[in-house]
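Everything quoted here is computed from the prediction, not taken from an experiment. Letters A, B, ... mirror the listed sequences (proteins, then strands); counts begin at 1.
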Number of protein chains: 2
Amino acid sequence: MTANNDVAHDKLIAYFEKRTPLTESDKQLIRKLYTIKKLKKKEFLFRQGEYCKYEGFVTAGAFRLFYTDDKGLEHVLYFAFENWWVGDMASFYEHEPSALNVQALQESELLVIDEQHKEQLYAQIPALEKVFRVITQKHLTVLQKRFLVTVSANAEARFNELIQRCPTIEQLVPQHQIASYLGILPESLSRMKKQIAKREMG
Amino acid sequence: MTANNDVAHDKLIAYFEKRTPLTESDKQLIRKLYTIKKLKKKEFLFRQGEYCKYEGFVTAGAFRLFYTDDKGLEHVLYFAFENWWVGDMASFYEHEPSALNVQALQESELLVIDEQHKEQLYAQIPALEKVFRVITQKHLTVLQKRFLVTVSANAEARFNELIQRCPTIEQLVPQHQIASYLGILPESLSRMKKQIAKREMG
DNA sequence: AAAAAGTCTTAACATACATCAAGGAATTGG
DNA sequence: CCAATTCCTTGATGTATGTTAAGACTTTTT
């Protein structure tokens, strides 16, 4: 285990300790059960149609989770940065082929755990049941908000909502992937931004 | 406590027992902490902007959970029937005004619990932490699927997906609310069904 | 440095669905 | 059982966004 590995595990342990107290042996277990995985830019943690074998905690870099539809269009579900979780629960727990691709946007690092070790983690640190219940609830509320915005607002309002919620996003991911997150084509986003600029000049 | 009350609690206890073993005292606690609530057709459990004070388990009838946008359009997030959960987690746990309305589509009955009693439930029956973690994961995967279908398929494909997944839905809720679930106007759904019928006659 | 791959912009045209308007059918409620 | 709602359908027209095509600019790879 290198010094760098410890930094990654330190981040995860700090994340857990914000949510529940941990003993030293808890921390040792966490270091044992989560393993480091490094991905180069454009590499995939897993692809649509494969099984999501790992749940991942991002310790460095950035990811996008997206679905490719039958016309070949990509739809970004969310971007994940440091301290975010990536995975496909339906696939991880129900052993279904995943509907999602998880791809690194830059050289990135995660801590991953497979289902068996996750169950071991719950068995040995029951307090993490509550932690992950709360995390999952939070994810659900974020997705619900995202869904309601998507169905009720037009592309420009969705764009404004994104910029307000995540002001640095335009520095972090290319514009065509922002379009894909917003549910429009790159051409449409380009057009839209020109319209906005014209209006703000006028 | 009437005989009818016991039926409702029996349903909830049966639901829990499918997921974890319960002692007699667990069951007694569940009967104590969840209380019956009956709603007439069109009554609300809570409205958008109010606080979601109760998480509810539907024991009879049907509900719709919907968001009304700033143009006054209603967007159905989901319909809930027997053995489904209703509520707004963001509001229930974070004490924010709810983004959702929860309305009975018929004379309906639920078992409700407030946050304090929910915490008491977790404290006294820790196994329910896991049960609700898994339930919440399941809700998240269902919502993720719904989101991906919504952004990647056109209205007709979304309609077909709904009918296939829930073949009785057209008998259960009026067509304009199905339109609202699909994210289109009633006029569009009516037109669409005419097109489908014409094509199938052809 | 050159080549290749990826990214952004613009424009003309197409389309799915919204909007507006109106009348008829079905259901509900007094 | 009649009146009042609520619900459904149809048509004409509008609009946000998709589609296709092409060129310019940028970054990565060789």
Taking atom P of D:dA16 as reference, at what distance in whole Å does atom CD of A:Glu156 sit?
-> 10 Å
Round to the nearest Å and state the distance from A:Ile196 atom CD1 to D:dA16 atom C1'.
-> 14 Å
What's the CZ-C1' distance between A:Arg158 and D:dA16, to the nearest Å?
-> 10 Å
Are B:Arg158 and B:Glu161 close enough, and set up right, to give a side chain to side chain contact (heavy atoms under 4.5 Å, CB included), and what steps lead you there?
-> CA-CA 5 Å; B:Arg158 299 198 300 272; B:Glu161 192 275 339; 5.6 Å; no
A:Ser188 has its side chain closest, among D:dT28, D:dT17, D:dT10, to D:dT17
Distance, rounded to the nearest Å, where A:Leu189 contributes CG and D:dT17 contributes P | 11 Å
Could you check whether A:Leu185 gets within reach of a base, just the sugar-phosphate, or nothing at all, counting any heavy atom under 4.0 Å?
-> base
Regarding the side chain of A:Gln175, the nearest nucleotide among C:dA18, C:dC8, D:dT6 is C:dC8
Name the nucleic acid region contacted by B:Glu187, choosing base, sugar-phosphate or nothing; use a 4.0 angstrom heavy-atom cut-off, strictly under.
-> base
Rounded interatomic separation in angstrom, taking CZ from B:Arg191 and C1' from C:dC17 | 8 Å
Below 4.0 Å: OP1/OP2 of C:dG6 and any side-chain N or O of A:His176 | no
Check: A:Phe66 main-chain N/O paired with A:Asn101 side-chain donor or acceptor under 3.5 Å | yes
To the side chain of B:Pro174, which of C:dC8, D:dC8, D:dT17 is closest?
-> D:dC8
Whole angstrom value for the distance that separates P of D:dT10 from CD of B:Gln195 = 10 Å
note: B:Lys42, atom NZ; D:dC7, atom C1'; distance rounded to Å ~ 10 Å
What's the closest nucleotide to the A:Asn154 side chain, out of D:dA16, D:dT10, C:dC8?
-> D:dA16
Could you tell me whether B:Lys41 contacts a base, only the sugar-phosphate backbone, or nothing, with contacts defined as non-hydrogen atoms closer than 4.0 Å?
-> sugar-phosphate
Atom pair distance, as rounded to whole Å: NZ in A:Lys71 and P in D:dT19 = 6 Å
Aromatic ring centroids of B:Phe57 and B:Tyr34 under 6.0 Å?
-> no
Once the angle between the rings of B:Phe79 and B:Tyr181 is folded into 0 to 90°, is it parallel (under 30°), tilted (30 to 60°) or perpendicular (over 60°)?
-> parallel
Base, sugar-phosphate, or nothing for B:Lys193, non-hydrogen atoms under 4.0 angstrom?
-> nothing
Among C:dT7, C:dT9, D:dC8, which is the nearest nucleotide to the side chain of A:Ser190?
-> C:dT9
Look up atom CZ in B:Arg64 and atom NE2 in B:His75, then write down how far apart they are to the nearest 0.5 Å.
-> 11.5 Å
